[in-house]
Amino acid sequence: MTLLELKGVTASYGRVQVLEGISLTVPDGGAVGILGANGAGKTTTLRAISGMVRTGGTITFEGRSIRGFSPERVAALGIAHVPEGRGTLGGLTVRENLRVGAYLRKDRKQVAADMDYCLEIFPQLKNRIRSAGAALSGGEQQMLAIARAFMAKPRLLLLDEASLGLAPSTAKAVYEAIRRLRLESGIAMLIVEQNANLAFTLVDSATVLETGRNALTGTTAELKGMDEIRRAYLGG
Ligand code: ATP
């Protein structure tokens, strides 16, 4: 079943149109990547879904149009957005950040169980449960941002550049945790990633954006086999 579908989505900042008609589909429980160079419109695509930028075209979630919805309304439908730069609350502790993630939920027992689960998936956070968000390393902040989004119990996670600024080994650890989260929880994911090698360890399919358009779309296996992908994104 299709969970999220974008058809001919446009977006502008003021008078500057940045997306020229993006299409993509995220199946229920699937993981889809958005690749492309700086400025191609990857972040803006996620912001269009989250209601953070003016959009045209069609955006449906579970078969209903969500285009033009406010970010709060989109979040309440079960779409959690982990922005580039993470957006953890530096003045709150790790535990408080996780509680903030779950603030709309009423199922207290399940919230407590999900908190334990997050700390199992991200053991680094367990050791720092009383530390302020601002005191964490970049990798730990990224893990906290993902864990906080998971605490909202979303159907779809929008993840923007989870590897940005991290050492390669840390980025790999973050992606291993995300992959486990995906396999065990069944949350669908739409991830923006510059590092295609990392993205391909997680996603089933991806679309490559160029100047606000889909340049290439395919399964991970198809894309890995394409010369232009190998040259531009896989360093070979
Ligand atoms: P990056 O990896 O650099 O984030 P990206 O593919 O995510 O790249 P976007 O951030 O979506 O690209 O930006 C697409 C275009 O929109 C760029 O040309 C950028 O300069 C422009 N842009 C982004 N944010 C704004 C804004 N708030 N106001 C005006 N233009 C913007």
Side-chain angles (χ1 to χ4, degrees), residues 4-26 31-59 61 66-72 74-75 79-88 138-139 141-143 145-146 149 156-168 170-172 174-175 178 188-203 205-218 220 223 226 228-235:
L4 176 80
E5 185 164 40
L6 274 62
K7 273 194 213 158
V9 170
T10 59
S12 353
Y13 295 106
R15 259 175 283 167
V16 184
Q17 186 164 334
V18 170
L19 300 185
E20 310 271 356
I22 301 289
S23 298
L24 61 85
T25 301
V26 182
V32 175
I34 304 178
L35 310 175
N38 274 323
K42 305 182 298 297
T43 293
T44 305
T45 303
L46 297 190
R47 301 187 80 207
I49 297 163
S50 282
M52 295 156 70
V53 60
R54 255 188 33 168
T55 52
T58 308
I59 306 178
F61 183 66
I66 60 164
R67 189 174 67 80
F69 281 23
S70 67
E72 294 74 20
V74 173
I79 300 180
H81 190 154
V82 180
E84 193 174 345
R86 295 148 200 161
T88 53
Q141 285 187 17
Q142 186 64 63
M143 291 171 191
I146 295 164
L156 174 66
L157 193 62
L158 308 177
L159 197 55
D160 199 349
E161 300 273 11
S163 73
L164 196 71
L166 304 183
T170 309
K172 209 168 149 231
V174 168
Y175 266 81
I178 299 169
M189 299 183 173
L190 180 60
I191 67 161
V192 162
E193 184 56 68
Q194 292 235 6
N195 183 334
N197 276 312
L198 264 184
F200 286 154
T201 64
L202 177 71
V203 301
S205 67
T207 187
V208 180
L209 301 189
E210 261 174 40
T211 57
R213 290 192 173 83
N214 301 89
L216 283 169
T217 299
T220 296
L223 292 169
M226 289 180 190
E228 56 265 55
I229 297 284
R230 281 213 286 268
R231 271 197 306 274
Y233 298 104
L234 299 177

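Side-chain atoms are counted along with the backbone in the values below, which use heavy atoms only and exclude waters and symmetry mates. Indexing begins at 1, ligand by ligand and atom by atom, following the structure's order. Worth saying up front: this structure is predicted, and the values here are computed from it rather than measured. The residues of the chain are indexed from 1 along the displayed sequence.
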Task: Nearest-0.5 Å distance, CG of residue L190 to NE2 of residue H81 - done: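 If I round to the nearest 0.5 Å, the distance is 9.5 Å.
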For the backbone of [Y] and the side chain of [X], can you confirm whether one donor and one acceptor N or O come within less than 3.5 Å of each other?
X	Y	result
D160	T43	no
Q194	E161	no
T207	I34	no
S50	P71	no

TODO: Output all residues satisfying side chain to side chain contact (heavy atoms under 4.5 Å, CB included) with V74, sequence neighbours left out; order by chain, then residue number.
DONE: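 Partners of V74 under the side chain to side chain contact (heavy atoms under 4.5 Å, CB included) test: F69, I79.
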Open item on the list: Residue by residue, ordered by chain and number, which ones reach under 4.0 Å of ligand 1 with a heavy atom?
Closed with: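 Close residues (ligand 1, cut-off 4.0 Å): Y13, V18, A37, N38, G39, A40, G41, K42, T43, T44, E84, E161, Q194.
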